Amino acid sequence: MSQQRTWTAVDDYFNGLLVEEDAPLLDAVRDSAAAGLPDHQVAPNQGKLLNLIATLRGARTILEIGSLGGYSTIWLGRALPEGGRLVTLEADERCAEVARANVARAGLGGVVDLRLGKALDTLPLLAEEGAGPFDLVFIDADKPSNPDYLRWALKLTRPGSVIVGDNVVRDGAVTDPDSGDPRVQGVRRFTELIAAEPRLTATTVQTVGSKGYDGFTLALVTG
């Protein structure tokens with residue numbers, strides 16, 4: 001069995017026992033594919049992990065940078081208590097349209113506020129509105145902008161908030177300081193900024209599975 005097939009089989013085993021994808025989640029994946037959206041949503045076990053992180057944090061306010069088709073939005077939104085809210089930012093109009101439909105079908109239309117536009121344009125508006133502080137920020141958008149997203153995440157959080165950055169290992173390419181890939185350089189700068197930020201304590205976990213080889217960074221705002 002190839003390495004990728006093994007990783008996928010292991011995911012299937014644990015997901016079959018521990019992760020329940022109901023109709024709204026399965027439909028979100030199906031309709032995203034039917035709309036021609038890229039297959040970049042988190043894997044089921046990763047969605048469940050986001051849900052558990054939000055639940056363990058007791059998050060009442062969540063900011064998601066990068067909605068895609070709304071799959072991770074549903075996992076995160078379901079962790080919120082009554083009265084909680086989730087703001088999700090999406091630059092692509094087609095993605096936003098699909099995400100809105102998927103979120104509404106999951107019964108979260110009254111919980112999720114989807115903002116259309118480039119995140120670096122909508123994040124300042126959130127700050128002006130006094131939308132923060134957010135208890136959890138999930139960063140899963142264009143990687144070259146990750147350093148800027150981190151700066152805004154720090155402005156929109158408080159001590160005790162959690163910041164999660166997805167897809168930071170890049171198949172191991174993150175170790176190459178001379179990489180010409182702006183996504184790799186964005187992740188490297190993102191990580192370096194976290195390391196230099198006295199208000200954050202963080203770690204990165206490598207992952208393998210149905211989505212291949214990657215990883216995520218988990219940071220706690222301490223000051």
Side-chain angles (χ1 to χ4, degrees), residues 18-19 42-43 45-68 70-90 103 106 108 110-115 119-120 122-143 145-169 174 186-207 214-223:
L18 303 176
V19 180
V42 299
N45 53 350
Q46 295 165 346
K48 180 68 175 288
L49 177 63
L50 290 171
N51 179 278
L52 290 173
I53 290 172
T55 301
L56 290 167
R57 170 57 186 82
R60 297 186 61 84
T61 54
I62 297 174
L63 172 62
E64 179 183 46
I65 303 176
S67 316
L68 194 60
Y71 182 80
S72 56
T73 315
I74 295 171
W75 276 113
L76 287 166
R78 286 177 169 179
L80 288 168
E82 185 175 353
R85 64 188 179 90
L86 189 160
V87 177
T88 184
L89 311 179
E90 178 52 53
V103 165
L108 295 169
V111 175
V112 174
D113 176 8
L114 193 154
R115 307 286 184 99
L120 293 180
T122 52
L123 284 164
L125 297 178
L126 285 177
E128 290 175 10
E129 295 170 13
F134 291 93
D135 298 318
L136 172 63
V137 178
F138 179 46
I139 301 172
D140 190 17
D142 59 306
K143 306 313 171 195
S145 298
N146 265 18
D148 293 316
Y149 295 152
L150 178 65
R151 294 184 185 100
W152 278 107
L154 283 168
K155 292 178 182 179
L156 292 167
T157 52
R158 58 187 167 195
S161 295
V162 175
I163 300 171
V164 181
D166 200 17
N167 306 125
V168 298
V169 173
V174 70
V187 168
R188 286 179 62 88
R189 184 60 183 149
F190 170 77
T191 307
E192 291 160 2
L193 288 171
I194 291 174
E197 176 54 64
R199 293 171 291 172
L200 292 175
T201 181
T203 192
T204 294
V205 177
Q206 300 181 73
T207 60
D214 215 316
F216 64 92
T217 294
L218 179 67
L220 175 67
V221 182
T222 59

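We use all heavy atoms of the structure for the numbers below, so side chains are in, but hydrogens, waters and symmetry mates are not. The model shown is predicted, which means the values in this text are computed figures rather than measured ones.
Annotation: salt bridge (charged side-chain N to carboxylate O under 4.0 Å, His left out) contacts of R60 (sequence neighbours excluded): none. Residues passing the side-chain contact (heavy atoms from CB on, under 4.5 Å) test with S161, sequence neighbours excluded: T157, R158, V221.
Separation of atoms CG (L49) and CD1 (I53) is listed at 4.0 Å; rounding is to 0.5 Å. Between the CG atom of D214 and the CG atom of D166 there is a distance of 6.5 Å, given to the nearest 0.5 Å. Atoms CG and OH, on D140 and Y149 in that order, are 10.5 Å from each other to the nearest 0.5 Å. Residue R115 holds its CZ atom at 8.0 Å from OG1 of T122, rounded to the nearest 0.5 Å. To the nearest 0.5 angstrom, I62 atom CD1 is 10.0 Å from R57 atom CZ. Here the straight-line distance linking atom CG of L156 with atom CG of L154 works out to 9.5 Å at 0.5 Å rounding.
Looking at N51, its side chain does come within 3.5 Å of a backbone N or O of W75 through a donor-acceptor pair. A donor-acceptor pair is defined here as one N or O able to donate and one able to accept, closer than 3.5 Å; no such pair exists between the side chain of T61 and the backbone of G132. With hydrogens and angles ignored, the 3.5 Å screen pairs no side-chain donor or acceptor of R85 with any backbone N or O of L80.
Counting only heavy atoms from C-beta outward, the side chains of V162 and L56 never approach each other to under 4.5 Å. Side chains of L63 and W152 form no contact here, defined as non-hydrogen atoms less than 4.5 Å apart. Two residues are said to be in side-chain contact when any heavy atoms from C-beta on lie closer than 4.5 Å; V42 and F138 meet this criterion. With a 4.5 Å cut-off on side-chain heavy atoms, L86 and L108 do not count as touching. Using a 4.5 Å heavy-atom cutoff, the side chains of I163 and I139 are in contact.
Considering all non-hydrogen atoms of both residues, V19 and N45 come closest at CG2-CA, 4.0 Å. Between P147 and L193, the closest heavy-atom pair is CB-CD1, 3.6 Å. In this structure, A59 and L136 approach most closely via the heavy-atom pair CB-CB, 4.4 Å. Taking both residues in full, the closest heavy atoms of P124 and A119 are given as CD-O, 4.2 Å, listed atom of the first, atom of the second, then distance. Shortest non-hydrogen contact noted between T73 and S67 is OG1-O, 4.1 Å. Taking each heavy atom of G215 and T207 in turn, the nearest pair found is N-OG1, 3.4 Å.
Sorted by first then second residue, the side-chain hydrogen bond (donor to acceptor under 3.5 Å, both in side chains) pairs that include residues 191-201, not counting sequence neighbours, are E197-R199.
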Could you go step by step and tell me if T88 and V112 meet the side chain to side chain contact (heavy atoms under 4.5 Å, CB included) rule? CA-CA 7 Å; T88 184; V112 174; 3.7 Å; yes
